[in-house]
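Since the structure comes first, as structure tokens, the remarks are kept for the end.
Worth knowing before you read on, the calculation uses all heavy atoms, side chains too, and leaves out hydrogens, waters and symmetry mates.
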Amino acid sequence: MDSKVCDRLETLRRDGENLGDVVQRLIEAYNPFAGLGRVLAMPDVSAAVHADYLASIKPATGEGGAER
């Protein structure tokens, strides 16, 4: 790691944090998708996403009930 980057990360450290904690905190702060995996793993969210997926793959029917 570049010494300037390391020095800057050191200035961002909070009590009890290591540099990995600082990097993780920065990722979560600047990444809009950070933590999405945890949310999608929640049982109610997972069930809703799965139900939506199943609904999206059902064949669509056109006029007269024929599949499109």
Side-chain angles (χ1 to χ4, degrees):
M1 180 182 323
D2 183 273
S3 64
K4 288 182 182 180
V5 172
C6 191
D7 291 344
R8 180 64 181 133
L9 289 174
E10 284 289 343
T11 66
L12 297 172
R13 280 178 61 180
R14 295 178 182 162
D15 290 339
E17 280 188 328
N18 61 39
L19 290 182
D21 296 332
V22 174
V23 170
Q24 186 62 39
R25 191 164 37 87
L26 291 172
I27 289 169
E28 290 174 2
Y30 292 102
N31 180 355
F33 300 107
L36 184 59
R38 286 187 300 249
V39 172
L40 291 175
M42 293 176 181
D44 53 335
V45 174
S46 179
V49 169
H50 185 69
D52 190 52
Y53 167 73
L54 290 178
S56 73
I57 62 172
K58 288 185 180 175
T61 55
E63 292 181 28
E67 285 188 23
R68 293 190 260 174

Test salt bridge (charged side-chain N to carboxylate O under 4.0 Å, His left out) applied to Arg8 - qualifying residues, sequence neighbours left out: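 If we apply the salt bridge (charged side-chain N to carboxylate O under 4.0 Å, His left out) test to Arg8, skipping adjacent residues, there are no hits.
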Calculate, to the nearest 0.5 Å, the distance between atoms [atom1] and [atom2] belonging to [X] and [Y] respectively.
{"X": "Asp2", "Y": "Cys6", "atom1": "CG", "atom2": "SG", "result": "9.0 Å"}
{"X": "Leu9", "Y": "Glu17", "atom1": "CG", "atom2": "CD", "result": "10.5 Å"}
{"X": "Asp7", "Y": "Leu12", "atom1": "CG", "atom2": "CG", "result": "11.0 Å"}

Note: Arg13-Glu10 ion pair, threshold 4.0 Å (strictly below): yes
Indicate every side-chain donor-acceptor pair of residues 30-51 with a distance under 3.5 Å to a residue at least two apart or in another chain.
unit_1: Asn31; atom_1: OD1; unit_2: Phe33; atom_2: N; d: 2.8

Chi angles and distances behind the side chain to side chain contact (heavy atoms under 4.5 Å, CB included) call for Leu26, Val23: CA-CA 5 Å; Leu26 291 172; Val23 170; 5.6 Å; no
Nearest heavy-atom neighbours spanning Asn18 and Asp21: OD1-N, 2.8 Å
